[in-house]
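Read through the structure below, which is laid out as structure tokens, and then see the notes.
Note that this is a predicted model, so its numbers are computed, not measured.
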Amino acid sequence: MASRGIPLDTAAIMSIALEGILYGFSVLMFIGTVWALTYKRRPRDINRLIAGVTIMLFVLSTAHMIVDIIRLEDGLVKYRDTFPDGPAAFFADVSQMTYVVKNAIYILHTLLGDGVVIYRCYIVWQSTRIIILPSLLWCCSAFTGFSAVYSVSQATSNAGNIFTKATGQTFFALTLSTNLISSGLLAYRIWKIESNISALRTSNRTSMPILRVLVDAAILYSVVLFPTLICFVCSNNGQYVMLDMLMPIISIAFYMVLIRVTVSKHVQSYLSTTLHRGTTTGTAIEGLPPLKPLQVHISHFTQIDEISTHGIGSEDLPSTYKMENMGRPCTV
């Protein structure tokens, strides 16, 4: 079935304009993420895995932006008068190397983003069984995506759209399912733990802001990916606009979680330090008298203190402290 919707040359201009705006936001958030990873940390304390993922997401989104600029310049300037049937035919030609490269970058970028969500899910649950289904979906996405890229690389100028309806629908459906399932499991785990400890909490520290930002990130990605799938099913050229928008949005969704978690952690650390100084020096806090030692007996208590600054990483989540059947009083 022939493609419908806006002309491909118009779609190319729209996509690079919208991608450029979103890419600018992602660059600012990348800078914020680098700060989050390095603020008051020694080099050996930085999570190299998450730092590597952060850099890779930035490099891939930058490379995709560069390839799109080159492709736009080729279609509208370099080959405008020499390519048969003009710019619209150029952008429809899947044998162009820029088309192959940009699709390969998109597949890598999507798989990297989905892999991070699965990793977070594993860290929170601490169970490999939980991530079996998301991992299988991820592997199927990788196979489908790279198969499509290989088909495009072997195409001729009159082959039509090799990123066929079958492969396109399968890939987008798989990556959407992977993201929703992993994010849902992650959010449920945090909500469940938060509900269990809310009655025993002795402070205002809560994981709900982290839960909200995780849900927001999943919604942001899904809101763009679902219309892309619809456009692909309908063979609408708007898919090209949505695909280019997805590149910076994947990075933004990753960065926003990491920055929000880090800000929350530093605020809690500051408040804890301030309260500790106030109580140890015997001074009143906001008009309250100095606190006196209090003896309590604890039989069993489990609490998650904070979410990692590594985007739900292993060294801070779960930060679980268990005190079981303690026969002696503890002073707080």
Side-chain angles (χ1 to χ4, degrees), residues 26 33 36-37 47-61 104-148 170-193 207 210-226 228-229 246-262 304 307-320:
S26 71
T33 303
L37 289 171
N47 189 316
R48 289 178 173 81
L49 174 63
I50 299 301
V53 171
T54 302
I55 294 172
M56 282 298 299
L57 287 173
F58 176 73
V59 169
L60 288 173
S61 60
I105 294 173
Y106 168 73
I107 298 298
L108 288 172
H109 200 264
T110 300
L111 293 174
L112 186 59
D114 290 345
V116 169
V117 180
I118 296 174
Y119 168 75
R120 288 171 175 166
C121 188
Y122 167 74
I123 292 300
V124 171
W125 282 90
Q126 290 293 299
S127 172
T128 55
R129 291 182 298 177
I130 290 296
I131 64 169
I132 289 177
L133 178 58
S135 298
L136 288 175
L137 292 173
W138 185 90
C139 292
C140 293
S141 298
F143 176 78
T144 305
F146 287 121
S147 297
T170 303
F171 177 78
F172 289 127
L174 286 171
T175 186
L176 181 61
S177 300
T178 302
N179 189 270
L180 291 178
I181 292 173
S182 301
S183 299
L185 289 171
L186 181 60
Y188 171 77
R189 179 63 170 173
I190 296 176
W191 172 81
K192 188 67 175 177
I193 295 173
S207 300
I210 309 303
L211 176 60
R212 285 193 293 268
V213 77
L214 286 169
V215 173
D216 288 344
I219 292 175
L220 173 64
Y221 181 62
S222 301
V223 161
V224 181
L225 186 57
F226 186 71
T228 306
L229 176 60
L246 274 171
M247 288 296 297
I249 285 177
I250 294 173
S251 299
I252 289 172
F254 172 79
Y255 298 151
M256 65 186 289
V257 174
L258 191 59
I259 292 173
R260 181 62 183 86
V261 170
T262 303
I304 287 191
I307 308 296
S308 166
T309 58
H310 302 146
I312 320 300
S314 58
E315 63 203 44
D316 294 308
L317 181 64
S319 256
T320 305

With a 4.5 Å heavy-atom cut-off, do [X] and [Y] have their side chains touching?
X: Asp114; Y: Ser182; value: no
X: Thr178; Y: Val117; value: no
X: Tyr119; Y: Val53; value: no
X: Leu37; Y: Thr54; value: yes

Could you go through the side chain to side chain contact (heavy atoms under 4.5 Å, CB included) check for Phe172 and Thr110 one step at a time? CA-CA 10 Å; Phe172 289 127; Thr110 300; over 6 Å; no
State the [atom1]-[atom2] distance between [X] and [Y], to the nearest 0.5 angstrom.
X: Asn179; Y: Ile118; atom1: CG; atom2: CD1; value: 9.5 Å
X: Leu57; Y: Tyr255; atom1: CG; atom2: OH; value: 5.0 Å
X: Thr144; Y: Ile107; atom1: OG1; atom2: CD1; value: 9.0 Å

Of all residues at least two apart in sequence or in a different chain, which pass the side-chain contact (heavy atoms from CB on, under 4.5 Å) check with [X]?
X: Ile252; result: Phe25, Ser26, Met29, Leu220
X: Ala104; result: Val149
X: Phe143; result: Ser147
X: Ser61; result: Tyr23, His109, Ser251

Show the nearest heavy-atom pair for residues [X] and [Y], with the distance to one decimal.
X: Leu60; Y: Met247; value: O-CE, 3.9 Å
X: Ile250; Y: Gly113; value: CG2-CA, 4.1 Å
X: Ala173; Y: Ser177; value: O-OG, 2.8 Å

Using atom types as modelled, flag every donor-acceptor pair under 3.5 Å from a side chain in residues 129-141 to any protein atom, sequence neighbours excluded.
residue, atom, partner, partner atom, Å
Ser135, OG, Ile131, O, 2.6
Trp138, NE1, Leu111, O, 2.8
Ser141, OG, Leu137, O, 2.9

Fit a plane to each ring of Tyr106 and Phe171, take the angle between them on a 0 to 90° scale, and name the class: parallel (under 30°), tilted (30 to 60°) or perpendicular (over 60°). perpendicular
Under the rule for ring pair (Phe, Tyr, Trp, His ring centres under 6.0 Å), what residues qualify as partners of Tyr122, not counting sequence neighbours? none
With Tyr221, which residues qualify under side chain to side chain donor-acceptor pair (under 3.5 Å), at least two apart? Thr175
